[in-house]
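All remarks here apply to the structure that follows.
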Amino acid sequence: MLSKVKTLIAFYEEVLSMPHRQEIARELRDEDDLFLLLLYSEMIGIPNPVYYYTLELYPYMLEKFHDWHLRMGMEKSPMTGIRCC
Amino acid sequence: MNAIAVASIGLFIFILGYRFYSKFLAEKIFRLDPNYVTPAHRFKDDVDFVPTNKFVLWGHHFTSVAGAAPILGPAIAVYWGWLPAILWVVFGTIFAAGVHDFGTLVLSVRNKGQSIGTLAHRLIGQKAKILFLFIILILVLMVNAVFAWVIANLFIKFPASVLPIFIQIPLAVWIGHAVYKRKQKMLIPSLIALGVMYLTAVLASNIGFLQIDLVSYMGGAEGAGLFGLGAISTAFFIWIIILMIYVYIASTLPVWQLLQPRDFINSHQLVVGLGILYIGLLFTNPQITAPLTNATSDVSWLPLLFITIACGAISGFHGLVSSGTSSKQLNKETDARFVGYLGAVGEGVLALISIIAVITFFPNKEAFLERYSSFQASSGAGLGTFIEGAANLATGLMIPQGVATTIVSIIVISFAATTLDTSVRLMRYIIAELGVEYKMPVLAKTHVATSIAVASSAALVLLPEGPNGFGSGGYLLWPLFGTANQLLAGISLLLISIWLKRLGRNYMVTLIPMIFLLIMTLYAMFQQVVFQWSWFGSSSNTLLFVFGAIIFGFALWILITAVSALRDKSNIKLDMD
């Protein structure tokens, strides 16, 4: 009986948190997009002094970079140096 | 006649509808495939596209679509007697709303989770998309005006509800902060908030000075208000201005700060409300005192009944939820039956109990006929009667009548307020989108779009003259809200029909409700526009005339589009066909 009540509460909590989880995920993703924009700012003509250091991140963010340029409306990788697709 | 018997028959028919009709739709018409890869899996991004358990998704879908509208419409429509209202709610839910909600969900799932607006563009063309945007714009404008009026009216009628409603705002901000910034669970804080609100309700019901009664501050209904207006007119004016300032702020804040936490509290309120009503019904075992049909009605039930009860029988708004969010989160295609069809049935259950609460409230038939003396009187009195009737059922659970009245009015006002917030926000988005469409980028700015949305809604609610003067005629807009909503449902049903036809399946299941809806809408608007609101009509009103004429034109447009789209042999296939 007690376990059933617990399942019910967990279910209810999930119903409540569904739209919220989505909103948080969206805000986090927007933040990530901004971060990536800062990293690759030279691409759009804003000089970036840490450009060369960011290259070290290359292996870690290749996949994320791919998702990001798709979200930003660019079908192919905009940088010749990064060949994700 | 016994109310429990009527409610049981209604619920039983709902069960039959779900058990058999939705099964028929799922297997023979939509041919759901358990192995189909839904958009939630195909485009999984953990933000919009997330495969979700069907029970959770149903819970979210139901709480998004159920609000104040399925209470208000039925509470007015019992004017023609309880039988027509119940029949339309029960059969409308099974044969129209269920098909519509289920169908839009499947259509969207089969088309990359796209929304009805995008699908209209792809299936019919650019014109259809603009038409669609305008109908939604009118719909949300009506929603803003009607619900602002409803809240102001209830604040005046039930002054004890004011304080608990305003306490909900800081509580919601607190929950938003606790959950978002400190990653706490939502259940406990939102239950605490609900407890605080109801405690305030108990206090406000019993302590006079906690009731914020603007009319009595100005010396009662006969007292003089500001600017030479009567006390009631002034009270309406003040509440509407306060509400408009509030929605301006609420709709420009990030959703997690106010809107979402309010939804958490409101989903508890939905559970509490339905529980109080259905359990109260069992304990009080009341008799139906309202007449079966009203022989003395001054306005014919045909076609107005089908416009008055929109939400609760069929509502186009559900298509927006089905195709906007639910379709992106459906785990398996076969879950669509449970989420879509049963979501509509859930709203039917709410509409059914609203009718029961009203028709069991009166001591006898004469008392009913006195309050529901004309269609206009019932439009103004419907919601107040529902609240008193629901409080009456709540007395079966040992809740004192006064406290129960306050709590039920809080539930209704909270629903109306959330609807208002959301629809002002929606209106802002649409104005921005139209601004982009017509190359007026200034309209896309948040504060410009919100100002236009708020100002036009305030103008619309304040202009119609009612029996209590300035601002009290907001309920006159209700039939317009109903028709706009039905038109939206008409477009969605049209899209599903076109889709089914192109697949070579039987599309009568959606075409027949669509034709029925369009005929009722055209008939009602023609009658109202020509015989009532025009310059030679019985109650001439330019504003209502203009809106009615626009809606009438749109309905005709859809009908023509429908005929040409269905006759179109070009057979443009959709991706997933």
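Chain letters run A, B, ... following the sequence lines, proteins first, then strands; residues in each count from 1.
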Taking side chain as C-beta onward, heavy atoms only, is [X] less than 4.5 Å from [Y]?
{"X": "B:W256", "Y": "A:E27", "result": "yes"}
{"X": "B:V50", "Y": "A:M18", "result": "no"}
{"X": "B:V271", "Y": "A:Y12", "result": "yes"}

For B:F43, does the CZ atom sit with more than 12 other heavy atoms under 6.0 Å from it, leaving out its own atoms?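 Yes.
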Has A:E75 got more than 12 heavy atoms of other residues, nucleotides or ligands less than 6.0 Å from its CD?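 At most 12 heavy atoms, drawn from other residues, nucleotides or ligands, come within 6.0 Å of this atom.
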Quick check: does any side chain N or O of B:Q260 sit under 3.5 Å from a backbone N or O of A:P19, one acting as donor and the other as acceptor?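 Checked: pair present.
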Output yes when a side-chain donor or acceptor of A:E13 lies under 3.5 Å from a complementary backbone atom of B:M186, and no otherwise.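 Such a contact is found between A:E13 side chain and B:M186 backbone.
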Between B:D45 and A:R71, is a salt bridge (charged side-chain N to carboxylate O under 4.0 Å, His left out) present by the stated rule, with each step listed? CA-CA 11 Å; B:D45 65 354; A:R71 269 205 302 284; over 6 Å; no
Are B:D48 and A:R26 close enough, and set up right, to give a salt bridge (charged side-chain N to carboxylate O under 4.0 Å, His left out), and what steps lead you there? CA-CA 8 Å; B:D48 295 306; A:R26 183 171 294 125; 2.2 Å; yes
Go through the atoms of B:S190 and report whether side chain, backbone, both or neither lie under 4.5 Å from a heavy atom of chain A.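 Just its side chain gets close to chain A.
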Is it the backbone or the side chain of B:S64 that comes under 4.5 Å from a heavy atom of chain A, or both, or neither?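 Contact with chain A is absent: no heavy atom of B:S64 under 4.5 Å.
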Provide the closest heavy-atom pair for A:Q22 versus B:V47 in the form atom of the first, atom of the second, distance.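 So the two residues come closest at CG-O, 2.8 Å.
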From B:T52 OG1 over to A:R21 CZ, what is the distance, rounded to the nearest 0.5 angstrom?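 Reported value, rounded in 0.5 Å steps: 5.5 Å.
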Tell me which one of B:T63, B:V179, B:L187, B:V56 satisfies side-chain contact (heavy atoms from CB on, under 4.5 Å) with A:L16.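 Running side-chain contact (heavy atoms from CB on, under 4.5 Å) over B:T63, B:V179, B:L187, B:V56 with A:L16 returns exactly one hit, B:L187.
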